[in-house]
Amino acid sequence: MPSLKYYFKKARKEGFAIGQFNVSNLETLRAVILAAQNLKSPVIIGTSERESQFLGMRQAVSLVKTFRKETGLPIFLNLDHGRSFRYIKKAIDLGYDTCHFDGSKLKLRENIKITKKAVKYARKRDILIEGEVGFVSGSSTLFTKIPKLNKEDFTDPLKAKNFIRQTQVDRLAVNVGTLHGMSSSGRNPRVNLKLLKAIKKAVGNFLLVLHGGSGVSEKDIREAIKLGVVKVNVNTELRVAYSNTLRKVLRGNPKEMVPYKYMPKVIKAIEKVVERKIKLFKSNNKI
Ligand code: 13P
């Protein structure tokens, strides 16, 4: 099967983005795989440190491997927001396909130092590393009020350029106005396309990643992909579909005790969200 590197190159050339869908249990993972299968799309499964602890890192690796073998689909596993070299190393050693080192809270010099170390370790094992310059705030849940965005957290195009040159990282997560999580109204702040354009101008054809994909308008996502975004991360919309459907199903059927009878509706709801995103990212029929 072609590598993740191959699919990123293809995405850049053909103008689509690969969705990273975060999971912490088998039901959500199954829903993502079903959507990818229906639409013949490459997908990245993401687990943050806490999601990986809940699911189990070894379990995540073997589940993804099993689904890859069974479906023949290009499914890749990414450690999302790894916060230390130790955790990144652990993920690589256990069989993750790619890792995101999130040093965005560190001083830039320290961020560069650890990213470089991660890249060195990963490259020898043919694993890709995502770095981050700028800080994407929030957490993947619903907000009644959107937290105020801090302009200083936005990615500085020149810093991004230097970061790439110094770390030799494979792709870069940028903050162009998105945040983790979603307003309960369903509408999040607009993507700063002007800033994204400036970043693209500074870094050329480099692979860019958009975090905080939930609640972003479809128009902004399309424009961002045109401007070089090849990976979009989505978590909250999946969590909301999961939790709200489960609540609804159990409330409507308080005597039902059998998970395999009530969970299919939950899986279906997540599958639909993922299908909508895959079509939006235009990664359908790209395997
Ligand atoms: P959302 O929860 O806003 O979709 O963001 C997910 C994300 O960026 C994971 O890294």
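When side chains are defined from C-beta on, L207 does not count as touching L172, because their heavy atoms never get closer than 4.5 Å. The shortest side-chain heavy-atom distance between M257 and Y262 does not fall under the 4.5 Å cut-off. In this structure, L210 and N233 have side chains that are not in contact, with every pair of non-hydrogen atoms separated by 4.5 Å or more. With contacts defined as side-chain heavy-atom distances shorter than 4.5 Å, the pair R171/L128 qualifies. In this structure the side chain of L179 reaches within 4.5 angstrom of the side chain of P189, judged on heavy atoms. By the 4.5 Å heavy-atom criterion applied to side chains, H211 and D80 are counted as neighbours. L73 has its side chain within reach of Q37: a pair of non-hydrogen atoms, C-beta onward, lies under 4.5 Å apart. Here the side chains of L208 and I199 are in contact, with some heavy-atom distance below 4.5 Å.
Using modelled atom types, no side-chain atom of S104 and backbone atom of F135 make a donor-acceptor pair closer than 3.5 Å. For the pair S184 (side chain) and F143 (backbone), a donor-acceptor distance under 3.5 Å is present. At least one donor-acceptor pair under 3.5 Å links the side chain of T155 to the backbone N or O of V133. Using a distance-only test at 3.5 Å, with no hydrogens or angles considered, no donor-acceptor pair links the side chain of S183 to the main chain of I146. For the pair H81 (side chain) and D102 (backbone), a donor-acceptor distance under 3.5 Å is absent. Within the 3.5 Å criterion, the main-chain N or O of V234 finds no donor-acceptor partner in the side chain of E237. Not one N or O on the side chain of E70 forms a donor-acceptor pair closer than 3.5 Å with the backbone of G72. In this structure, H180 contributes its side chain and S137 its backbone to a donor-acceptor pair below 3.5 Å. Checked by atom type and distance alone, the side chain of N284 never pairs as donor or acceptor with a backbone atom of K40 at under 3.5 Å. Side chain of T28 to main chain of S24: no donor-acceptor pair is present (N/O by atom type, distance under 3.5 Å, no hydrogens or angles).
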| request: List the steps, then state whether side chain to side chain donor-acceptor pair (under 3.5 Å) holds for N235 with E51. | output: CA-CA 11 Å; N235 193 352; E51 284 165 336; 3.0 Å; yes
| query | Would Y121 and K89 count as a side-chain contact (heavy atoms from CB on, under 4.5 Å) if you check the C-alpha gap in whole Å, the side-chain angles of each, and the deciding distance to 0.1 Å? | reply | CA-CA 8 Å; Y121 190 79; K89 180 179 177 300; 3.6 Å; yes
| request: Show your reasoning for whether side-chain contact (heavy atoms from CB on, under 4.5 Å) applies to L39 and E275. | output: CA-CA 7 Å; L39 295 176; E275 282 190 0; 3.8 Å; yes
| query | What do the steps show when you test M57 against Y96 for side-chain contact (heavy atoms from CB on, under 4.5 Å), and what is the final call? | reply | CA-CA 9 Å; M57 289 176 106; Y96 273 64; 4.1 Å; yes
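Nearest heavy-atom pair, S52 versus L79, reported as atom, atom and distance to 0.1 Å: OG-CD1, 4.4 Å. Smallest separation of non-hydrogen atoms from E271 and L34: OE1-CD1, 3.5 Å. Nearest approach of C99 to I92, heavy atoms of both residues: SG-CG1, 3.9 Å. Nearest heavy-atom pair, Q20 versus N78, reported as atom, atom and distance to 0.1 Å: OE1-ND2, 2.7 Å. When every heavy atom of L227 is checked against every heavy atom of K200, the shortest pair comes out as O-CD, 3.0 Å. Closest non-hydrogen pair, I127 versus D97, comes out as CG2-O, 3.5 Å.
Dense packing is recorded around CG of N150, with more than 12 heavy atoms of other residues, nucleotides or ligands lying under 6.0 Å away. For CZ of R123, the number of neighbouring non-hydrogen atoms (other residues, nucleotides, ligands) closer than 6.0 Å is greater than 12. Around atom CZ of R12, more than 12 heavy atoms belonging to other residues, nucleotides or ligands sit under 6.0 Å away. In K159, the NZ atom is not crowded: 12 or fewer heavy atoms of neighbouring residues, nucleotides or ligands sit closer than 6.0 Å. Atom NZ of K286 is surrounded by more than 12 heavy atoms from other residues, nucleotides or ligands within 6.0 Å. Counted within 6.0 Å of CZ on R86, heavy atoms from surrounding residues, nucleotides or ligands total 12 or fewer; the atom is thus considered open.
No path of Ile, Leu, Val, Met, Phe, Trp and Tyr side chains, each step under 4.5 Å between heavy atoms, connects V232 with M182, placing them in separate hydrophobic clusters. Clustering ILVMFWY residues whenever any of their side-chain heavy atoms sit less than 4.5 angstrom apart, transitively, puts V240 in a cluster other than the one holding V249. Linking Ile, Leu, Val, Met, Phe, Trp and Tyr residues whenever their side-chain heavy atoms come within less than 4.5 Å places I164 and V174 in a single cluster. Grouping the Ile, Leu, Val, Met, Phe, Trp and Tyr side chains by contacts below 4.5 angstrom, directly or via other members, places I278 with Y242. Under the 4.5 Å side-chain heavy-atom criterion for grouping Ile, Leu, Val, Met, Phe, Trp and Tyr, V273 is connected to V32 within one hydrophobic cluster.
Atoms CG and CD1, from N162 and I112 in turn, are 7.0 Å apart once rounded to the nearest 0.5 Å. Interatomic distance, CG of N22 versus CG of L29, reported as 11.5 Å (0.5 Å rounding). To the nearest 0.5 Å, atoms CG (L26) and CD (Q59) are separated by 11.5 Å. Note that the CG atom of L149 and the CG atom of D153 stand 8.5 Å from one another [nearest 0.5 Å]. If you take NZ on K113 and CD on E110, they are separated by 4.5 Å, rounding to the nearest 0.5 Å. If you take CD on Q53 and OG1 on T47, they are separated by 9.5 Å, rounding to the nearest 0.5 Å.
Annotation: cation-pi geometry not satisfied between R83 and Y87 (NZ/CZ under 6.0 angstrom from ring centroid, within 45° of ring axis). Y6 does not carry K9 over the face of its six-membered ring by the limits of under 6.0 Å from the centre and within 45° of the normal.
Side-chain atoms of S283 and S41 form a donor-acceptor pair, as typed in the model, at a separation below 3.5 Å.
Of the residues listed (I88, V119, V169), the one engaging F101 in a side chain to side chain contact (heavy atoms under 4.5 Å, CB included) is I88, and it is the only one.
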